S.K.: 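I'd like to ask you about the structure that follows.
All heavy atoms count here, side chains included; hydrogens, waters and symmetry mates do not. Bear in mind that the values here come from a model prediction, so they are computed numbers and not experimental data.
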Amino acid sequence: MAFSSATKHSASLGTFLYNSMLNSGCASQSQRSCGLANAISSVGTVSDIGLRLLPNLSFHGVHVQCINIGGGKGEIPDNKHLQIALQHIHGIGRSRARQILSKLSIENKLARELTGRELYALREELNNYMCAHELNNQVTKDISRLMEIQCYRGIRHSQGLPCRGQRTHTNARTWKGKAIPVAGKKKA
């Protein structure tokens, strides 16, 4: 009796996690797998069951394989080398990742092989840089400031046109949207 209720509870937890992962709007497979880990940690009261289920969970080829950096900086894939994995954080490129690793004197090993001390040092170092949500918020504020003061770049942003001097007579379809056909003259 107890075994069947635990199995039933585990199945409902798996269904809950899968549904929350799909409803989160994640686009790529890596985002879905990281979202699954967040869903398990957000469950709270059933986190113990979720952690026991975690090694066994696999939904249509999606596997949990992320390390949460913390501090709102996001997650990095644990099956890649650190120099590549750090580039998954918005605002950190190749040179910044190399700079962080050399400053912390951490070798370029797989992210899953990080010790707790190295992970803590990495979190503290990432707090010194503007990246992830902080960077997105700053860019949004800068663009809204440009639109508010009505400078040329701000006007182009508000009109949905390129603001760095590109031609718009034939191109700029990304900014302007899909082309609307206009009826031309009929040739006789």
Side-chain angles (χ1 to χ4, degrees), residues 20-42 54 59-149 151-168 171-177:
S20 63
M21 177 182 63
L22 290 178
N23 294 333
S24 65
C26 297
S28 69
Q29 180 178 355
S30 62
Q31 288 176 336
R32 285 193 302 266
S33 61
C34 295
L36 182 60
N38 287 339
I40 288 174
S41 63
S42 68
L54 191 56
F59 299 110
H60 305 290
V62 177
H63 302 287
V64 177
Q65 45 189 332
C66 291
I67 296 175
N68 190 355
I69 293 297
K73 301 296 182 188
E75 297 172 333
I76 59 173
D78 68 346
N79 60 346
K80 297 187 179 186
H81 288 276
L82 278 174
Q83 187 174 346
I84 305 299
L86 285 174
Q87 294 177 37
H88 284 262
I89 299 172
H90 179 68
I92 295 183
R94 268 186 261 170
S95 60
R96 178 69 52 89
R98 256 188 254 120
Q99 177 185 2
I100 289 170
L101 290 178
S102 66
K103 186 171 183 180
L104 296 175
S105 65
I106 297 176
E107 63 186 46
N108 192 16
K109 55 187 174 182
L110 289 176
R112 73 169 72 105
E113 296 171 357
L114 280 174
T115 64
R117 193 170 283 170
E118 290 172 336
L119 189 59
Y120 180 76
L122 188 63
R123 282 181 187 145
E124 292 301 315
E125 183 63 28
L126 285 174
N127 285 334
N128 296 334
Y129 300 105
M130 183 181 295
C131 54
H133 300 298
E134 295 174 20
L135 183 60
N136 288 333
N137 292 339
Q138 185 64 38
V139 168
T140 304
K141 284 195 306 191
D142 290 345
I143 291 173
S144 64
R145 181 185 60 84
L146 290 173
M147 290 192 306
E148 187 177 305
I149 64 174
C151 68
Y152 178 78
R153 285 174 55 203
I155 291 169
R156 299 295 278 187
H157 271 291
S158 63
Q159 290 175 346
L161 294 169
C163 57
R164 294 186 179 178
Q166 296 94 331
R167 67 179 288 133
T168 57
N171 292 333
R173 293 276 46 118
T174 304
W175 278 86
K176 291 163 61 173

S.K.: Taking atom CE of Met147 and atom CD of Gln159, what is their separation to the nearest 0.5 Å?
M.R.: 11.5 Å
S.K.: Who are the salt bridge (Lys or Arg N to Asp or Glu O under 4.0 Å) partners of Glu107, not counting sequence neighbours?
M.R.: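 Partners of Glu107 under the salt bridge (Lys or Arg N to Asp or Glu O under 4.0 Å) test: none.
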S.K.: Run the numbers on Leu86 and Leu122 for side chain to side chain contact (heavy atoms under 4.5 Å, CB included), then give the verdict.
M.R.: CA-CA 10 Å; Leu86 285 174; Leu122 188 63; 4.1 Å; yes
S.K.: Using the test side-chain hydrogen bond (donor to acceptor under 3.5 Å, both in side chains), find all partners of Asp142 that sit at least two apart in sequence or belong to another chain.
M.R.: Gln138
S.K.: His81: what forms a side chain to side chain contact (heavy atoms under 4.5 Å, CB included) with it, not counting sequence neighbours?
M.R.: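 In terms of side chain to side chain contact (heavy atoms under 4.5 Å, CB included), with neighbours along the sequence ignored, His81 is linked to Asn108, Leu110.
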S.K.: Does atom CD of Glu148 have more than 12 heavy-atom neighbours, drawn from other residues, nucleotides or ligands, at distances under 6.0 Å?
M.R.: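 Check fails, neighbour count at 12 or below.
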S.K.: Counting only N and O atoms by type, is there a donor-acceptor contact under 3.5 Å from the side chain of Gln87 to the main-chain atoms of Gln83?
M.R.: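 Here the side-chain-to-backbone pair exists.
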S.K.: Is there a side-chain contact between Trp175 and His157, using heavy atoms and a 4.5 Å cut-off?
M.R.: yes
S.K.: Nearest 0.5 Å, what's the CD-CG distance between Glu124 and Leu119?
M.R.: 10.5 Å
S.K.: Could you go through residues 89-103 and list every donor-acceptor pair under 3.5 Å that involves a side-chain atom there, pairing it with any protein atom two or more places apart or in another chain?
M.R.:
unit_1, atom_1, unit_2, atom_2, d
His90, NE2, Asn136, OD1, 3.2
Ser102, OG, Arg98, O, 3.3
Ser102, OG, Gln99, O, 3.0

S.K.: Quick one: closest heavy-atom pair of Ala111 and Ala85, and the distance?
M.R.: CB-CB, 4.5 Å
S.K.: Between Arg156 and Pro162, is there a donor-acceptor pair closer than 3.5 Å when you use the side chain of the first and the backbone of the second?
M.R.: yes
S.K.: Just verifying a value: how many Å separate Asp78 CG and Cys66 SG, rounded to the nearest 0.5 Å?
M.R.: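 Output value for this atom pair is 7.0 Å.
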S.K.: Applying side-chain hydrogen bond (donor to acceptor under 3.5 Å, both in side chains), can you list everything that pairs with Arg167, at least two apart in sequence or on another chain?
M.R.: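 With sequence neighbours excluded, Arg167 shows a side-chain hydrogen bond (donor to acceptor under 3.5 Å, both in side chains) to Thr170, given in chain and number order.
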S.K.: Would you say that Lys109 contacts Leu114 through its side chain, given a criterion of any heavy-atom pair below 4.5 Å between the two side chains?
M.R.: yes
S.K.: Considering residues at least two apart in sequence or located in another chain, which fulfil the side chain to side chain contact (heavy atoms under 4.5 Å, CB included) criterion with Thr115?
M.R.: Arg117, Glu118
S.K.: Hey, could you give me the CD1/SG distance between Ile155 and Cys163, rounded to the nearest 0.5 Å?
M.R.: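 That separation rounds to 11.5 Å.
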S.K.: For Arg153, look at atom CZ and say whether over 12 heavy atoms of other residues, nucleotides or ligands are found less than 6.0 Å away.
M.R.: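 No, not enclosed.
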S.K.: Output, in order, the C-alpha distance, side-chain angles, deciding distance and verdict of side chain to side chain contact (heavy atoms under 4.5 Å, CB included) for His133 and Lys73.
M.R.: CA-CA 7 Å; His133 300 298; Lys73 301 296 182 188; over 6 Å; no
S.K.: Using modelled atom types only, decide if a donor and an acceptor are shared between the side chain of Lys176 and the backbone of Thr168 within a distance under 3.5 Å.
M.R.: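 Here the side-chain-to-backbone pair exists.
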S.K.: Can you tell me if Arg123 uses its side chain to pair, donor with acceptor, with the backbone of Ile69 under 3.5 Å?
M.R.: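 Present.
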